[in-house]
Amino acid sequence: MDETKLSEFEDLYKEFIGDEDGVSYRLIDNEFHCFNDYVLVPVKAIEKSINITEADDIEIFSADGTLIGYLCPMAYPENEYVIARLNEKRLFAFFVDNLDYSQQSDSYSFINHYVAIESNWFPYYKTVMGTSEYWGGYTHKNLNPTNSRVINEIKIREGIKIPSINHEESIVLAVHSSSSFERFLKYYHQIELLFDSLFISRLKNINSSDLKDYAMIIKEFNHGKKSELDTFKYILKKYLVNYSLIIEKMKLVQNHLNIANDMFYVLGKEHNPLKSNEEWSLLIDLLSRGSLDPISSFTFQQVNGSSVRLITKNNQEAFNDFIVNLCSYWIYRMRCCIAHNKIGEYIFSYNDESFVSDFGEHLLLEIIRDIFSNPILHADINV
């Protein structure tokens, strides 16, 4: 540590703590700052369900029950701490947090939380600090900033009606989610919750004592037997209207072709509407040229020496079915890869988040907006 900085800290310590002996300082492992036999280690995040915004220092015990240090939760944007009122351990944390800055005021907003570990216990702590997420609800590890997007304008979408309280809660949770993976699952729930709402509403709307009417609805919904992918397709096919807007969002996949190819094709399942690498290549080519439409999708084209097309009938209905099947498959695959995270699925790393934030979220949200603003849906579920 710079001698000038250390001298400044020592003056503050004597003034605020009242200890004329001052501060003993050493650097451990060329990384960790130790003041008066407390080693200060930055804590990058504390699990959000733990309410510690007003907490005092929290005691940390070894596995055998020995007090070895303290967790000092302080890094909250809304909290400014008066430096003169910090206890000894928090003042040491201020010294570490403020190493690269020159404090000009009497109060301070911390960048990190900290643990203060007794120096004789620090070798032990180093052996377990890498698993603190499991036993302490906090982490010393940093993550790259969550992917964010720049927007220049917002356009209101009129006519959207929220189907249920559950939908409202889910969409609010999505907006509050800090991770694109979390948001995507909450957005997915918007469609997932809709199927049962539709089924119940249709049953309630029957004004007949004839059991055939009930049987017809049960047959249409195949309730309890449809797969998740089938229910997703059912809702999109029944209520999707503006296919051109959906295709615009599909184009965003071009910025993430490596992940998309692995997830949708290499690790793809039997429900993939694109059965060959040539069909996948043709789709990406049509999207890149802005010419994905019924005619181009029906017309045979040469790809890698093979003659391929995407649909077998040259009409809007066949094209719409293709878009429904493909989007349903893409979104369901993303949902499975996020939720299951197992061999056989594409296993997301944190660095893959832009695939979801730049492409997946946009496509799924456009589908939700289109369906939830459809008057036919409003009538079917009485909203």
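What you are looking at is a predicted structure, and each value in this text was computed from that prediction instead of being measured. Just so you know, residue 1 is the first one in the sequence shown, and it goes up from there.
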Same apolar cluster (I L V M F W Y, side chains within < 4.5 Å links), Leu365/Leu173: no

Check against salt bridge (Lys or Arg N to Asp or Glu O under 4.0 Å), Glu366 and Arg157: CA-CA 10 Å; Glu366 189 58 52; Arg157 185 70 166 264; 3.0 Å; yes

Gap separating the CD1 atom of Ile160 from the CD1 atom of Ile368, nearest 0.5 angstrom: 9.5 Å

Heavy-atom check, side chain of Val39 versus side chain of Tyr125, under 4.5 Å: no

Side-chain donor/acceptor of Tyr108 to backbone N/O of Asp97, under 3.5 Å: yes

Ser306 (side chain) donor-acceptor with Val308 (main chain) under 3.5 angstrom: no

Test log, rule side chain to side chain donor-acceptor pair (under 3.5 Å), inputs Ser354 and Asp352: CA-CA 6 Å; Ser354 61; Asp352 295 331; over 6 Å; no

Side-chain heavy-atom pair Ile311, Asp321 within 4.5 angstrom cut-off: no

Donor-acceptor under 3.5 Å (Asp29 side chain, Glu31 main chain): no

Smallest separation among heavy atoms of Glu118 and Leu67, with atom names: OE2-O, 3.9 Å

For the student: nearest non-hydrogen atoms of Ile235 and Leu194, plus distance: CG2-CD2, 3.8 Å

Hydrophobic cluster membership, Leu252 vs Leu240, 4.5 Å side-chain cutoff: yes

For the student: nearest non-hydrogen atoms of Ser296 and Gln301, plus distance: O-NE2, 3.3 Å

Under 3.5 Å donor-acceptor, Gln190 side chain and His167 backbone: yes

Common cluster, Ile60/Met129, ILVMFWY with side-chain heavy-atom separation under 4.5 Å: yes

Any donor-acceptor N or O pair under 3.5 Å, side chains Asp64, Ser62: yes

Close side-chain approach of Phe61 to Thr66, heavy-atom, < 4.5 Å: no

Joint hydrophobic cluster, Ile162 plus Val172, side-chain heavy atoms closer than 4.5 Å: no

Heavy-atom closest contact (Gln316 atom, Pro294 atom, distance): OE1-CG, 3.5 Å

Side-chain donor or acceptor of Asp380 paired with backbone N/O of Asn382 under 3.5 Å: no

Min side-chain heavy-atom separation Val356-Ile338 under 4.5 Å: yes

Met74 to Tyr114 - nearest heavy-atom pair and separation: CE-CD1, 4.0 Å

Side chain to side chain, Leu292 and Phe319, heavy atoms closer than 4.5 Å: yes

Ring centres under 6.0 angstrom apart (Phe372, His378): no

Minimum-distance pair of heavy atoms, taken over all atoms of Met334 and Gly360: SD-CA, 3.7 Å

Nearest-0.5 Å distance, CD of residue Glu182 to OG of residue Ser177: 5.0 Å

Leu40 and Tyr38: CA distance, side-chain angles, deciding distance, side chain to side chain contact (heavy atoms under 4.5 Å, CB included) verdict: CA-CA 6 Å; Leu40 280 297; Tyr38 276 109; 4.3 Å; yes

Exceeds 12 heavy-atom contacts within 6.0 angstrom, atom NZ of Lys237: no

CG on Asp11 to CZ on Phe9, rounded to 0.5 Å: 11.0 Å

Whether Arg333 side chain and Leu267 backbone form a donor-acceptor pair below 3.5 Å: yes

Test item: side-chain donor near acceptor, Tyr239 and Asp370, under 3.5 Å: no

Worked check of side chain to side chain contact (heavy atoms under 4.5 Å, CB included) between Ile68 and Tyr124: CA-CA 9 Å; Ile68 67 170; Tyr124 165 80; 4.0 Å; yes

Geometric class of the Phe35/His33 ring pair [parallel <30°, tilted 30-60°, perpendicular >60°]: parallel

Distance-only donor-acceptor check, side chains Ser276 and Trp280, under 3.5 Å: no

Thr139 side chain to Ala45 backbone, donor-acceptor under 3.5 Å: no

Side chain to side chain, Val23 and Lys14, heavy atoms closer than 4.5 Å: no

Asn258 atom CG, over 12 foreign heavy atoms within 6.0 Å: no

Aromatic plane relationship, Phe348 with Phe355 - under 30° parallel, 30 to 60° tilted, over 60° perpendicular: tilted

Asp37/Arg26 salt bridge by N-O under 4.0 Å criterion: yes

Within residues 292-318 or reaching into it, pairs that qualify as salt bridge (charged side-chain N to carboxylate O under 4.0 Å, His left out) - sequence neighbours excluded: none

Donor-acceptor pair, side chain of Asn87 and main chain of Lys89, under 3.5 angstrom: yes

Under 3.5 Å: donor-acceptor pair, side chain of Glu10, backbone of Leu6: no

Side-chain donor-acceptor contact under 3.5 Å, Glu353 with Ser180: yes

Option passing ring pair (Phe, Tyr, Trp, His ring centres under 6.0 Å) with Tyr13 (candidates Phe94, Phe95, Phe92, Tyr25): Phe92

The single option from Phe264, Tyr265, Phe232 passing ring pair (Phe, Tyr, Trp, His ring centres under 6.0 Å) against Trp330: Phe264

Heavy-atom donor-acceptor pair, Lys233 side chain to Cys327 backbone, under 3.5 Å: no

Ser328 and Asn325 side chains, donor-acceptor separation under 3.5 Å: no

Same apolar cluster: Ile367 and Leu245, side chain cutoff 4.5 Å: no

Heavy atoms from other residues, nucleotides or ligands near CD1 of Ile347 exceed 12 (cutoff 6.0 Å): yes

Intermediate values then yes/no, side chain to side chain contact (heavy atoms under 4.5 Å, CB included), Asn261 and Asn277: CA-CA 9 Å; Asn261 183 65; Asn277 187 56; 4.2 Å; yes

Stepwise side chain to side chain contact (heavy atoms under 4.5 Å, CB included) check, Ile171 with Lys186: CA-CA 7 Å; Ile171 199 69; Lys186 297 302 180 187; over 6 Å; no

Student check: side-chain heavy atoms of Glu133 and Tyr138 closer than 4.5 Å: no

Within the 6.0 Å centroid threshold, strictly below: Tyr187 and His362: no

Pairwise side-chain contact, Glu228 with Glu192, heavy-atom cut-off 4.5 Å (strictly under): yes

